[in-house]
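Below: the structure, in structure tokens.
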Amino acid sequence: MEKNNIFLIRKKEPEYTIKMNYDRAKPLTKRNVTEFLKSLGIEVKTNTKARGNQGLYQKNRIDISRGLKEDRAIEVLVHEFAHHIHFKIDKDFIKNGGSIETLFNTSNIDEIKTELINVTNLIDKNSRLKIFLKAKEETSKTIKGIQSTIKREYPEFLRSKKFPEFEKYIKHSDAKYLMKYDAVKITQGFFFKKERILTVKNLENDFPDMPSAFQLYIKLCSLKRKQTKISRRINKLNKYYEKPTELFARFVQGYFSAPETIAAIAPYTTKRFLELLKSGYYKELKDLFIIFKGLYL
């Protein structure tokens with residue numbers, strides 16, 4: 001049984017005009033894709049740091065990081081070009097991340113969103129998000145291990161509550177500064193001042209007489225700070241990865257590189273995408289597929 005599509009009513013888009021006479025016999029290379037984008041009036045920089053990213057889109061400009069391999073550079077160019085097409089459809093997307101409804105010209109988006117996330121998980125399998133998720137898991141395991149070790153000597157110890165034995169000891173030790181910071185520089189002496197750098201990593205050498213359970217507790221507090229920072233990064237990245245404009249760009253990148261694979265895991269989205277591509281809704285994106293993929297539309 002076919003699904004009922006509910007399409008948004010939109011003003012008729014004016015026909016776009018191709019700004020170049022491009023040789024459609026040219027092969028798929030980084031140089032040729034770059035020439036195609038430039039022929040559309042887009043400024044393309046292929047020798048930048050892209051602000052620490054592999055690629056970056058700003059209004060009518062695409063930067064990609066220098067040193068990318070040929071295949072990866074093409075993928076990044078296509079990804080950033082998808083952002084450019086999104087900008088032409090919805091100029092407010094840079095402020096709000098856009099909407100799937102506008103990108104696919106439909107209000108029936110539940111299945112599309114699910115499929116787009118599946119595509120993202122495939123396309124970006126080595127993403128920073130996964131790296132941070134793994135780091136959070138490893139940090140949590142280390143914290144639990146340290147807590148178990150401390151509890152052998154102090155059975156009442158819980159990391160969520162005060163540690164009275166430690167607090168009594170730490171008042172008389174310079175190690176108290178490491179309860180808030182992983183590294184500190186302290187100045188000692190009155191007339192002849194001497195600087196001393198203390199770090200959590202060098203705790204055993206800096207404070208050899210400190211009981212091992214207390215050393216472990218300081219390390220545990222450091223790991224809790226690290227865990228909080230990782231959680232903030234994960235929350236920030238989750239917002240980024242689920243932005244409609246990023247989901248769309250990854251889909252376009254994936255379908256351009258491996259259409260059969262993407263069509264298999266996102267059949268409903270692929271069908272709608274091709275309908276809009278054929279109609280000219282995605283403007284010059286249609287020509288990218290025709291020229292470099294030989295896609296008949």
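Note that the coordinates shown come from a computational prediction; the quantities given were computed from them, not determined experimentally.
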Quick one: does any side-chain atom of Y281 pair with a main-chain N or O of L103 as donor and acceptor, under 3.5 Å?
no

Within a strict 4.5 Å, meaning less than it, do heavy atoms of the R159 and I150 side chains meet?
no

Looking at D174 and K176, does any basic side-chain N land under 4.0 Å from a carboxylate oxygen?
no

State which residue, out of E137, K144, E138, fulfils the side-chain contact (heavy atoms from CB on, under 4.5 Å) condition with K141.
E137

Backbone N or O of Y169 within a donor-acceptor pair of the S173 side chain at under 3.5 Å?
no

Would you give the length of the straight line joining atom CG of N105 to atom OG of S279, rounded to the nearest 0.5 angstrom?
8.0 Å

For the pair F214 and F163, evaluate ring-ring contact (aromatic ring centres under 6.0 Å, His included) and give the outcome as yes or no after the intermediate values.
CA-CA 10 Å; F214 294 168; F163 189 5; 5.7 Å; yes

Answer with yes or no after comparing the ring centroid distance for F81 and Y57 against a 6.0 Å cut-off, counting only values under it.
no

Is the shortest side-chain N to carboxylate O distance from E284 to K88 below 4.0 Å?
yes

R272 side chain vs I112 backbone, donor-acceptor pair below 3.5 Å:
no

Quick one, F256 with F251, criterion ring-ring contact (aromatic ring centres under 6.0 Å, His included). Give me CA distance, side-chain angles, the key distance, then yes/no.
CA-CA 8 Å; F256 185 84; F251 174 85; over 10 Å; no

When you measure from the side chain of K151 to the backbone of P155, do you find a donor-acceptor pair of N or O atoms at a distance under 3.5 Å?
yes

Aromatic ring proximity F157/Y217, centre distance under 6.0 Å
yes

How about D287 and F36: do any of their side-chain heavy atoms sit closer than 4.5 Å?
yes

Going by heavy atoms in the side chains, are R66 and T46 under 4.5 Å from each other?
no

Applying side chain to side chain donor-acceptor pair (under 3.5 Å), run through Q227 and S140 and close with a yes or a no.
CA-CA 8 Å; Q227 190 179 50; S140 295; 2.8 Å; yes

Is there side-chain contact between Q58 and R61, with at least one heavy-atom pair below 4.5 Å?
yes

Between N235 (side chain) and S231 (backbone), is there a donor-acceptor pair under 3.5 Å?
yes

State, yes or no, whether a side-chain contact exists between M179 and F166 at a heavy-atom distance under 4.5 Å.
yes

Joint cluster assignment, L220 & I230, ILVMFWY side-chain distance < 4.5 Å
no

Are any of the side-chain nitrogens in K45 or E43 under 4.0 Å away from the carboxylate oxygens of its partner?
yes

Give a yes or no on whether K236 atom NZ has more than 12 heavy-atom contacts from other residues, nucleotides or ligands under 6.0 Å away.
no

For the residue pair T142 and T139, confirm or rule out a side-chain donor-acceptor distance under 3.5 Å.
no

Side chain to side chain, N202 and L198, heavy atoms closer than 4.5 Å:
no

Do I218 and C221 have side chains that approach each other closer than 4.5 Å (heavy atoms only, starting at C-beta)?
no

Verdict with supporting geometry, F273 and F104, ring-ring contact (aromatic ring centres under 6.0 Å, His included)
CA-CA 7 Å; F273 172 76; F104 290 89; 7.1 Å; no

Looking only at atom types and distance, does a side-chain atom of R250 sit under 3.5 Å from a main-chain N or O of H79, one as donor and one as acceptor?
no

Side-chain donor-acceptor contact under 3.5 Å, D182 with S222:
yes

Could you tell me if K59 sits above the aromatic ring of F87, with its cationic atom closer than 6.0 Å to the ring centre and no more than 45 degrees from the axis?
no

Is it true that Y268 and D110 share a donor-acceptor pair across their side chains at a distance under 3.5 Å?
no

Are L133 and I143 connected in a single hydrophobic cluster, I mean Ile/Leu/Val/Met/Phe/Trp/Tyr linked by side-chain heavy atoms less than 4.5 Å apart?
no

Please confirm whether the backbone N or O of T269 pairs with a side-chain atom of E115, one donor and one acceptor, at under 3.5 Å?
yes

Beyond-backbone contact of F292 with I74, side-chain heavy atoms, under 4.5 angstrom:
no

Over 12 non-hydrogen atoms of neighbours within 6.0 angstrom of CZ in R233
no

Kindly say whether K278 contributes a backbone atom to a donor-acceptor pair with the side chain of K286 at under 3.5 angstrom?
yes

Let me check something: do L158 and Y154 share a hydrophobic cluster, defined by ILVMFWY side-chain heavy atoms less than 4.5 Å apart, either directly or through other members?
no

